Amino acid sequence: DGNQLPLCARDTGMFLAALVTIGFYVAFDSRRVSLFPRFPQAFVLLALAAAWAFDGFNSYYLLARNEMLFYMPNNLLRLITGAGMGVALGAFVVPLVNSSLWKMELLDEVASVANWRDVFVLLGLAALVTVVVGLQPDFLYGPLALLSGLGAFGLLAVVSGLLVLQFRKQNNRFSDPRALWGPAAVGLFIAFNEVMAIVLLRQWLTVTYNLPF
C-alpha cells in the first residue's frame, strides 16, 4: 500500500529464512540437535555466508562511492543472498541454543546438517523464501514485514539471553521449556536496548559525518 517495509531486501530474506529454518527444526525434527553442521556440508553454508557478505560489500560500495564496483546490485540478488545467509544462521543457531539451554542428558548428539539431504532441505527453504517474497504479493507484505522484523529482534534476543546465561554460568540447567521465561525476558530487554542504541548511533553518525546508511 505504498508503505516502506521495515527491513531492506537482504535483511528481509535473511531474517525470514532464519525464522523459517528454526521453525522447520522445531516443527519437523523432534530431536534436540546439539552439534554444528558437519564438514564438508558446513562449507556450503559458509559459502552462502560469503556470498551474502560479498554482495553486501558490493552494494554498499555503490551507495558510498556512487560508482559500480563489480556489478550493479539489485533487490533480487540481495534477497537471494540474504535467504542463503538466513538458512545458514538457522542451522548454527539451533544447536547453539540447544547445547546452551538443556541438560546434557536431554540432548541428542546429532548435527543440524549431517548429510547432503539436509543441505538440499535448507536450500529449498531459502528458495521458498526467495520465491514468496520475490513474487511481491501485496496481500502478504504485511505479515512478511512483521515476521522479518520479529526474526531480527528475536535472534538478537536469543543471542543476548544466551550470553547472560553464559556469564552467570547457568547453561545446561534447563529441562522444562516453561522455566525459560526468565532468560527470555532478560534477552528481550537487552535486545530492545541494543536496538535503541543502534538507532541512536546510526542517527548520530548520519547527522555528524553524513555517512550513507
Side-chain angles (χ1 to χ4, degrees), residues 3-27 36-37 41-64 69-97 112-113 118-137 140-163 187-188 190-192 194-195 197-199 201-202 212-213:
N3 298 309
Q4 184 175 353
L5 270 68
L7 299 178
C8 67
R10 180 177 292 107
D11 284 353
T12 296
M14 179 171 65
F15 290 114
L16 273 179
L19 198 62
V20 168
T21 302
I22 294 171
F24 176 83
Y25 279 105
V26 172
F36 289 127
Q41 289 81 13
F43 282 115
V44 176
L45 303 181
L46 294 176
L48 294 175
W52 169 83
F54 180 82
D55 188 65
F57 177 77
N58 182 72
S59 294
Y60 189 76
Y61 187 90
L62 177 65
L63 179 65
L69 181 58
F70 297 109
Y71 54 85
M72 184 59 65
N74 62 76
N75 273 350
L76 181 58
L77 278 176
R78 295 183 180 102
L79 179 60
I80 292 172
T81 57
M85 179 62 172
V87 295
L89 273 176
F92 281 94
V93 165
V94 169
L96 175 64
V97 170
S112 59
V113 181
D118 293 339
V119 172
F120 287 117
V121 169
L122 292 180
L123 293 177
L125 294 176
L128 176 64
V129 170
T130 300
V131 170
V132 171
V133 180
L135 289 176
Q136 301 182 4
L140 278 180
Y141 266 165
L144 291 177
L146 179 62
L147 288 174
S148 60
L150 288 176
F153 188 74
L155 283 177
L156 192 58
V158 166
V159 173
S160 300
L162 292 182
L163 288 175
L188 289 171
I190 294 175
F192 176 80
E194 287 171 337
V195 170
I198 291 171
V199 169
L201 177 62
R202 175 177 177 174
F213 288 108

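Just so you know, these numbers come straight off a predicted model, no measurement behind them.
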message: The test is side chain to side chain contact (heavy atoms under 4.5 Å, CB included); show your working for Val113 and Gln41 and say whether it passes.
response: CA-CA 7 Å; Val113 181; Gln41 289 81 13; 3.8 Å; yes
For Pro73 and Ser59 the tightest heavy-atom approach is CB-OG, 3.3 Å
d(Leu140 CG, Leu147 CG) to nearest 0.5 Å is 9.5 Å
- Do any N or O atoms from the side chain of Ser112 and from the backbone of Ala91 form a donor-acceptor pair under 3.5 angstrom? yes
Stepwise side chain to side chain contact (heavy atoms under 4.5 Å, CB included) check, Leu69 with Leu62: CA-CA 7 Å; Leu69 181 58; Leu62 177 65; over 6 Å; no
* Compute the ring centroids of Phe70 and Tyr61, then answer whether they are less than 6.0 Å apart. => no
Output for pair (Thr130 OG1, Leu76 CG), nearest 0.5 Å, gives 7.5 Å
*Just wondering, are more than 12 heavy atoms of other shown residues or ligands nearer than 6.0 Å to CZ in Phe57?*
no
Smallest heavy-atom separation, Gly90 atom then Ile22 atom, equals CA-CG1, 4.2 Å
Value for OG1 (Thr21) from CG (Leu125), rounded to nearest 0.5 Å, stands at 5.0 Å
Exercise for the section: List the steps, then state whether ring-ring contact (aromatic ring centres under 6.0 Å, His included) holds for Phe192 with Phe153. Expected result: CA-CA 8 Å; Phe192 176 80; Phe153 188 74; 7.2 Å; no
Note: Ser160 and Gly187 closest approach over all heavy atoms is CB-O, 4.1 Å
d(Leu128 CG, Leu123 CG) to nearest 0.5 Å is 12.5 Å
*Apply side chain to side chain contact (heavy atoms under 4.5 Å, CB included) to Leu162 and Val97, showing your working.*
CA-CA 7 Å; Leu162 292 182; Val97 170; 4.0 Å; yes
Shortest non-hydrogen pair, Ala145 vs Leu5, comes out as CB-CG, 4.3 Å
In terms of heavy-atom contacts, Leu188 and Ala157 come closest through CD2-CB, 3.8 Å
Rounded to the nearest 0.5 angstrom, the CG-CG distance for Leu16 and Leu7 is 8.5 Å
Rounding to 0.5 Å, atoms CG (Leu45) and CG (Leu122) come to a distance of 6.5 Å
Taken in chain and number order and not counting sequence neighbours, the residues that satisfy side chain to side chain donor-acceptor pair (under 3.5 Å) with Asn75 are Arg78
Worksheet item: Quick one: are Phe15 and Leu150 in side-chain contact, heavy atoms under 4.5 Å?
Response: no
If you define the side chain from C-beta out and look only at heavy atoms, does anything of Val132 sit under 4.5 Å from Leu144?
yes
Here the salt bridge (charged side-chain N to carboxylate O under 4.0 Å, His left out) pairs for residues 8-26, sequence neighbours left out, are Arg10-Asp55
- prompt: Run the side chain to side chain contact (heavy atoms under 4.5 Å, CB included) check on Thr81 and Phe54 step by step: do they pass?
  reply: CA-CA 9 Å; Thr81 57; Phe54 180 82; over 6 Å; no
* **Asn58 vs Leu77 side-chain heavy atoms within contact, under 4.5 Å** => no
Residues at least two apart in sequence or cross-chain that pass ring-ring contact (aromatic ring centres under 6.0 Å, His included) with Phe43, listed by chain then number, are Phe39
For Leu79 and Gly134, the nearest pair of non-hydrogen atoms, with its separation, is CD2-N, 3.6 Å
